[in-house]
Structures are given as C-alpha cells and as structure tokens.
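Just so it is clear, the values below take in all heavy atoms, side chains as well, and ignore hydrogens, waters and symmetry mates. In this text, all values refer to a predicted model and were calculated from it rather than measured experimentally.
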Amino acid sequence: MQNISRKKIFFPINAAFRNYLKMYEREIKLPLTYQELRYYDQSISVYDKEGKDTLWETVFYPQSMVGPIHAGLKRIYSILKAGGDQTAEEHLHIERIDYCTFGNSHPFRIKIVNNYNEVYDYFYIKIADASRIYGLELEHILSPYWMNFLVDGNTLVEEHIAGVPGDQFILHYLDRLDFNPKRIAKEFVKFNERCFVRLLGDMRSYNFVFDITPDFDDVQFRIRAIDFDQQFYEGRRTLYMPQYFKENRVFVDLAIKHLNAEVVKQYQQEERAVIARRIKVQRHRIKDLRDVIMTDRVSFPEKIQQLGDELAEYYHDTVFSRCKTMGEIIERSLKRLLVSSLR
C-alpha cells in the first residue's frame, strides 16, 4: 500500500515562476479571486444518483453578492474560453457553485449554462499552489493534451477535463463486450510510463479519467490525469508509478493477462519516444521552465534525497543521488530520456 502525505502543504509561486507564467500568458488579471468565493453563508451537500455523499457542497451567497460574483465568473469563463471576448456573456448564466471539502486543493466547481440551448460546462477555481501549476505546465508540454488554465495572484482557474473517472470506469465500463481489454491495458502502460518520466504522483483511479473514442473498427482509449497536486513532491519512487496503487490493480491485472513483457517494453519505449519528440519541439519553453524549477523549493530535503537515491538505484545512475532540488531530478529524468532517443 502506498503512503501519500496526508496533508501536502501549498508552495507559493516565486517571482521567477510568476515571470515565466506571464511570459507564456498564463498569468492574467481576473475579476474574482478564490478568497472572495469563500464568503458564502450557506451550503447543502451534493449527492450522486445513488444517494451517496460526493463530498461536494453547493454554496449560496448573500443576495448582495450574487450579482457581482456571477458576473465575475462569467467574465472568467470568457477569458478562459474565448480570449476575453464578452459577447456570449449575455446568454450565459451560473447555475451552481460547488465547493469540495475533500483533499488538499478545496476547489470551487462552477457550472455555467448557455441559455439558448441549455448546454452546460464546468470550470474550477482553486488556490494557486506552485506544485500543481508545475504539474499542469508539464502536462501541457509533455503529454498529448492541451491544458487550459489561468493564474492571478493566489487564484488558479482550470478548464474542466472531460472523461469517465477511472474508478467509475472500473465499475461500469471495464467489462463491456465492445471494449477491447488489450487496448485498455496498452493505454495504462503508456500512462504509467508518462507519469513516471515526468514524476507526477498519486495517480490513483479517481485522479485520472478515460477519454473513450469510437474508431472505425474499434474503440480507442486515452487516459488523462486530472489531479496535479503531487507533481515531484513525494520521496518514494513508486508513488510516481500508477501500477503500484491498489486502486489501479485491475488495470495491472489486464496488462499481465493480455500483454507479454516484450509488448510492455515496446509500449514504454513508444511513449518515451513521443515525449522526447515533444521536448525537442518545445525545447525553448522546457528550458525556461527548467531554469525556474531548478532553484524552486517545492518539496523537502529529506524527500528530495530519498527520491534521488531511489531513482539512482532504479536507473543505475548516481547523478540522481547528487540532486539537491526536485528541479535537478526532473531535469535528469528528461535528459536520460533525450539521450536514449538519440541512440
């Protein structure tokens, strides 16, 4: 069983990282802050279709605050989705604001609805933790997915990532006859490799989603991380490998059943080759981000030393054990990947 830190502390965004975020247009002035959303005066629990408590609460504000808050949220949505164009705001309304009482980030989830067709969307407002933002930015650069988020001071706004949560996929989708278990196993192997290379931790089944796409002759699966709080924070190597979490055991069993060792190695190498190509394409952005991470404090010395020692043993590479920051560790991990891609 994996041991995740019960309460991960929030790391502030330092000046160098904030300059990076401004350079790449991630930081922008927003009309509403996370702290202002905390001034609700009532809440009710949100239950799922089976009557179970979701650990989210729908919150309500004093009447004098509703108008400004809803207007601010619609403007944030315009900035996030439409580059600040405000023409759609007149036919949008905020249907619900939920607050999560579980976990580290305590996010607000905003449900926004188009009045013309009743199509709805979600976005999230959270505390701007440097670890999480590093995770979002590395996901944007190194994964196949575009990450849409904004920062203003201590406020973080994130686009909703659509998909079936991994734990729900296990319960309701895994055994469908039209779903090829070999494709599910293949995607989990690649996801596991991607998390390990970029040191994204705590990928238990409820922290990632399945994007399911019918293709002309089969159904395709893609796994997307949705929680980035544990970006290079913990000290144990296995916490960055989803295969070691008991919540993911069913996917490991699928891989054991349907994939032999040679095929697993093939899929791991394919994923590493794709990441290497992304690094080369985004080399200037990666360099700018690396320069910031190298000196930032986003973990503790004992965790950094433990992870460095464990990776040194795993890779038979003593450079890891000499790393003094998480930035140095992630740089070494990506550099090894680049060097191996040139062979």
Side-chain angles (χ1 to χ4, degrees), residues 21-22 24-49 54-103 105-129 132-133 136-137 139-140 145-165 168 209 211-213 224-228:
L21 294 170
K22 290 176 181 176
Y24 288 98
E25 300 182 351
R26 295 296 199 186
E27 174 136 8
I28 186 171
K29 184 63 180 175
L30 298 173
L32 198 64
T33 67
Y34 176 90
Q35 193 58 39
E36 288 173 297
L37 288 176
R38 294 294 303 269
Y39 295 135
Y40 61 88
D41 60 356
Q42 296 182 60
S43 66
I44 57 173
S45 297
V46 177
Y47 297 92
D48 64 17
K49 294 178 181 178
T54 63
L55 302 179
W56 288 84
E57 298 176 347
T58 297
V59 298
F60 304 93
Y61 296 86
Q63 194 59 39
S64 60
M65 295 177 63
V66 171
I69 285 177
H70 284 202
L73 291 173
K74 288 194 288 184
R75 183 63 45 82
I76 288 174
Y77 185 75
S78 297
I79 295 170
L80 186 69
K81 292 286 194 173
D85 186 284
Q86 303 169 21
T87 54
E89 290 179 24
E90 62 183 26
H91 59 262
L92 297 174
H93 76 269
I94 304 301
E95 183 168 294
R96 204 171 72 222
I97 303 172
D98 298 331
Y99 175 69
C100 185
T101 59
F102 176 74
S105 59
H106 296 300
F108 286 93
R109 179 178 62 197
I110 316 302
K111 184 178 182 180
I112 188 166
V113 181
N114 188 308
N115 297 330
Y116 288 150
N117 54 23
E118 297 186 352
V119 172
Y120 60 86
D121 196 4
Y122 293 97
F123 64 97
Y124 301 84
I125 298 181
K126 307 176 180 181
I127 299 173
D129 171 40
R132 184 177 186 87
I133 300 171
L136 287 164
E137 191 66 10
E139 181 78 357
H140 179 77
Y145 312 109
W146 168 271
M147 301 302 294
N148 193 7
F149 68 93
L150 299 169
V151 178
D152 178 18
N154 292 321
T155 297
L156 168 64
V157 178
E158 291 182 29
E159 185 177 56
H160 175 65
I161 299 174
V164 179
Q168 295 302 307
V209 297
D211 183 359
I212 305 169
T213 307
R224 297 193 61 178
I226 59 173
D227 190 327
F228 301 91

Q. Measuring from T87:OG1 to D85:CG, what's the distance to the nearest 0.5 Å?
A. 3.5 Å
Q | Closest non-hydrogen atom pair between L150 and E25, with its separation | A | CD2-O, 4.4 Å
Q: May I ask you to decide if V46's main-chain N or O and T54's side chain share a donor-acceptor pair within less than 3.5 Å?
A: yes
Q | Considering all heavy atoms, the nearest V66-Y61 contact | A | CG2-O, 3.8 Å
**Q.** Gap between atom OH of Y77 and atom CD1 of I110 - 0.5 Å precision
**A.** 12.5 Å
Q. Tell me, do E95 and H93 make a side-chain contact under 4.5 Å, heavy atoms counted?
A. yes
Q: Indicate, with yes or no, if the rings of Y120 and Y122 have centres closer together than 6.0 Å.
A: yes
Q.
Tell me the closest heavy-atom pair linking Y34 and H106, and the distance in Å.
A. OH-O, 2.7 Å
Q | Within residues 60-71 or reaching into it, pairs that qualify as salt bridge (Lys or Arg N to Asp or Glu O under 4.0 Å) - sequence neighbours excluded | A | none
Q) Mind checking whether F108 and Y124 have ring centres under 6.0 Å apart? A) no
Q) Taking only residues two or more places apart in sequence or in another chain, which ones pass salt bridge (Lys or Arg N to Asp or Glu O under 4.0 Å) with R109? A) D98
Q) Below 4.5 Å, heavy atoms only, C-beta onward: do M147 and E158 meet side chain to side chain? A) no
Q) Which is it for F228 and I133 under the side chain to side chain contact (heavy atoms under 4.5 Å, CB included) test, yes or no, and what are the steps along the way? A) CA-CA 8 Å; F228 301 91; I133 300 171; over 6 Å; no
Q | Heavy-atom closest contact (A128 atom, L156 atom, distance) | A | CA-CB, 3.9 Å
Q | Note, M65 side chain near E36 side chain (heavy atom, < 4.5 Å) | A | no
Q.
Run the side chain to side chain contact (heavy atoms under 4.5 Å, CB included) test on V164 and V209 for me, step by step, so that the C-alpha distance in whole Å, both residues' side-chain angles and the decisive distance to 0.1 Å come before the verdict.
A. CA-CA 5 Å; V164 179; V209 297; 5.8 Å; no
**Q.** Residues which pass side-chain contact (heavy atoms from CB on, under 4.5 Å) with N114, listed by chain and number, not counting sequence neighbours
**A.** H91, L92, Y116, N117
(Q) What's the separation between atom OH in Y99 and atom OG1 in T58, rounded to the nearest 0.5 Å? (A) 14.0 Å
Q | D121 side chain to H160 side chain, donor-acceptor N/O pair below 3.5 angstrom | A | no
Q | Minimum heavy-atom distance between P31 and G72, given as atom pair plus value | A | CG-O, 3.5 Å
**Q.** CA sep, side-chain torsions, deciding dist, call: E159, F149, side chain to side chain contact (heavy atoms under 4.5 Å, CB included)
**A.** CA-CA 6 Å; E159 185 177 56; F149 68 93; over 6 Å; no
(Q) Run E137 and R26 through salt bridge (Lys or Arg N to Asp or Glu O under 4.0 Å) and show every step you take. (A) CA-CA 10 Å; E137 191 66 10; R26 295 296 199 186; 3.2 Å; yes
Q | Basic-acidic side-chain contact under 4.0 Å: R132, D227 | A | yes
Q. Are D152 and I28 close enough that some pair of their side-chain heavy atoms sits under 4.5 Å apart?
A. no
Q) Taking only residues at least two apart or on different chains, which pairs with a member in residues 38-49 satisfy side-chain hydrogen bond (donor to acceptor under 3.5 Å, both in side chains)? A) S43-E57
(Q) Quick check: closest heavy atoms across P107 and K126, and the distance to 0.1 Å? (A) CB-CG, 3.5 Å
Q | Chi angles and distances behind the side chain to side chain contact (heavy atoms under 4.5 Å, CB included) call for I79, L30 | A | CA-CA 8 Å; I79 295 170; L30 298 173; 4.1 Å; yes
Q: Report yes if the side chains of I125 and L37 come closer than 4.5 Å at any heavy-atom pair, otherwise no.
A: yes
Q.
Is any side-chain heavy atom of L73 closer than 4.5 Å to one of L32?
A. yes
**Q.** L80 vs F123 side-chain heavy atoms within contact, under 4.5 Å
**A.** yes
Q | Spacing of CD1 belonging to I94 relative to CD1 belonging to I112, to within rounding of 0.5 Å | A | 4.0 Å
Q. Any salt bridge (Lys or Arg N to Asp or Glu O under 4.0 Å) pairs touching residues 59-77, not counting sequence neighbours?
A. R75-E89
Q: Output all residues satisfying side chain to side chain donor-acceptor pair (under 3.5 Å) with K22, sequence neighbours left out; order by chain, then residue number.
A: none
Q. Yes or no on side-chain hydrogen bond (donor to acceptor under 3.5 Å, both in side chains) for Y145 and D211, after CA distance, side-chain angles and deciding distance?
A. CA-CA 11 Å; Y145 312 109; D211 183 359; 6.0 Å; no
